[in-house]
Amino acid sequence: MKLNIAVLPGDGIGEEIIAQALDVVKAVCKKFDHELTYQKALVGACAIDATGNPYPDETHELCLNSDAVLFGAIGDPKYDHNPLAKVRPEQGLLAMRKKLGLYANIRPVTTFPSLIHKSPLKNELIEGADLMCIRELTGGIYFGRPQGRSEDGNTAYDTCVYTREEIERIVRLAYDYAQKRRNKVTIVDKANVLATSRLWREVSREIEKEFPNVETEYMFVDNVAMQLVQWPKRFDVVVTENMFGDILTDEASVITGSLGMLPSASIGIHTSVFEPIHGSYPQAAGKDIANPLATVLSAALMFEYAFDLQEEGALIRKAVNASMETGVVTEDIATEKAYKTSEVGKWIVEYISK
Ligand code: IPM
Ligand code: MN
């Protein structure tokens, strides 16, 4: 099969983790006799530095013309301490999501036997936890307008907006996944306070009727935040709006053991993007210490979701498991010796190649 992908390392540790994931992709393609072509492009702070635009048109063109996008991370602290900066690196990621129509961000949360001890949660609570967070990605308070400041600068505002269509498509997607899993959907909102949440609930109640074989439950986001760490095994598919999903999935990474372990697939209208859920970890940039596994596992999702190559994805997962069982892991999850980012990548590539 021919695989034509765009590779966007982004900022901070992006370059290092993407290098490992790309080597893994190459190894898999070689093993299974796929023809891989790829091209790199800029996004984020590095794109602002080079072009003034965090998501340059060339990058967008490349994404549109590729079968899949492998993405690293975005963000640079030099913009965090400058509230007046007109463009921010994160706008590159948001622009990419919006322009590619990536309305669904799928974040599977599982445990790894070799990592269970790393979680601060009681082992028996999380052992076997397996849920899928589906985060709406192109609406809500991330994109609602108006957003800004009053003239005197002393008042700031964001706007949360959702339309019926936006809610319908993401909730339907959640039911699709639930039917391939354990037939349970948890719809997360704050309908006791927010008008957008009340629309979510209204629309969801209509869709729910089309799926009588699926158990549906409605929960407030604060309650989910608590139950996610108290009783994670009760969840199967969790669907929610953009910002709740952002926050809940960082929280959910505690179940897995490290933020450096959670991959994601962003799918929608145009080319799908595969990205770790973590950020650019600027303190670690260039040090070869960041955990590459979230990105490597995102590459596994790429094979499965973008190309329907299940065996290839499964082999990557197997290799990742083997590296963890052998203890070839980075410092965030190491119990004994900590390995470098590149050493972990190399080990996985060798495992796949043999
Ligand atoms: C994520 C990140 C982004 C988000 C940031 C970098 C804008 O936290 O992908 O979860 O909030 O969506
Ligand atoms: Mn996030």
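As the structure lists them, so they are numbered: ligands from 1, and atoms in each ligand from 1.
Between Arg182 and Asp130 a salt bridge is recorded (basic side-chain N to carboxylate O distance below 4.0 Å). Remark: Lys78 engages Asp49 in a salt bridge, criterion side-chain N to carboxylate O under 4.0 Å. Using a 4.0 Å cut-off between a side-chain N of Lys or Arg and a carboxylate O of Asp or Glu, Lys31 and Glu311 do not qualify as a salt bridge. At a threshold of 4.0 Å, the pair Lys337-Glu331 does not count as salt-bridged, since none of the basic side-chain nitrogens sits closer than that to a carboxylate oxygen.
Glu325 and Asn321 are not linked by any side-chain donor-acceptor pair at a separation below 3.5 angstrom, with hydrogens and angles left out of the test. Between Asp152 and Ser150, the side chains place a donor N or O and an acceptor N or O closer than 3.5 Å (distance only, hydrogens not considered). Between the side chains of Arg107 and Asn105, at least one donor N or O sits under 3.5 Å from an acceptor N or O.
Scanning the protein for heavy atoms near atom 11 (O) of ligand 1, the closest one is Tyr142 OH, 2.5 Å. Ranking the protein heavy atoms by distance from atom 8 (O) of ligand 1 puts Asp246 OD1, 3.4 Å first.
Scanning for salt bridge (charged side-chain N to carboxylate O under 4.0 Å, His left out) contacts around Lys184 gives Glu217, with sequence neighbours left out.
Below 4.0 Å from some heavy atom of Arg135 lie the following atoms of ligand 1, by number and element: 1 (C), 4 (C), 9 (O), 10 (O), 11 (O), 12 (O). Near Arg107, the atoms of ligand 1 lying under 4.0 angstrom from a non-hydrogen atom of the residue are 1 (C), 9 (O), 10 (O).
The Mn ion (ligand 2) lies closest to atom OD1 when only the N/O/S atoms of Asp246 are considered.
Not one N or O of Glu90 is nearer than 3.5 Å to an N or O of ligand 1, by distance alone.
At a 4.0 Å heavy-atom cut-off, ligand 1 does not touch His278 at all. Looking at Arg88 against ligand 1, nothing comes within 4.0 Å, counting heavy atoms. Of the heavy atoms in Arg97, only side-chain atoms (C-beta onward) come closer than 4.0 Å to ligand 1.
Of the candidates Thr249, Ile247, Leu93, the one placing a heavy atom closest to atom 5 (C) of ligand 1 is Leu93.
For the Mn ion (ligand 2), the set of nearby N, O or S atoms under 2.8 Å includes none belonging to Asp250.
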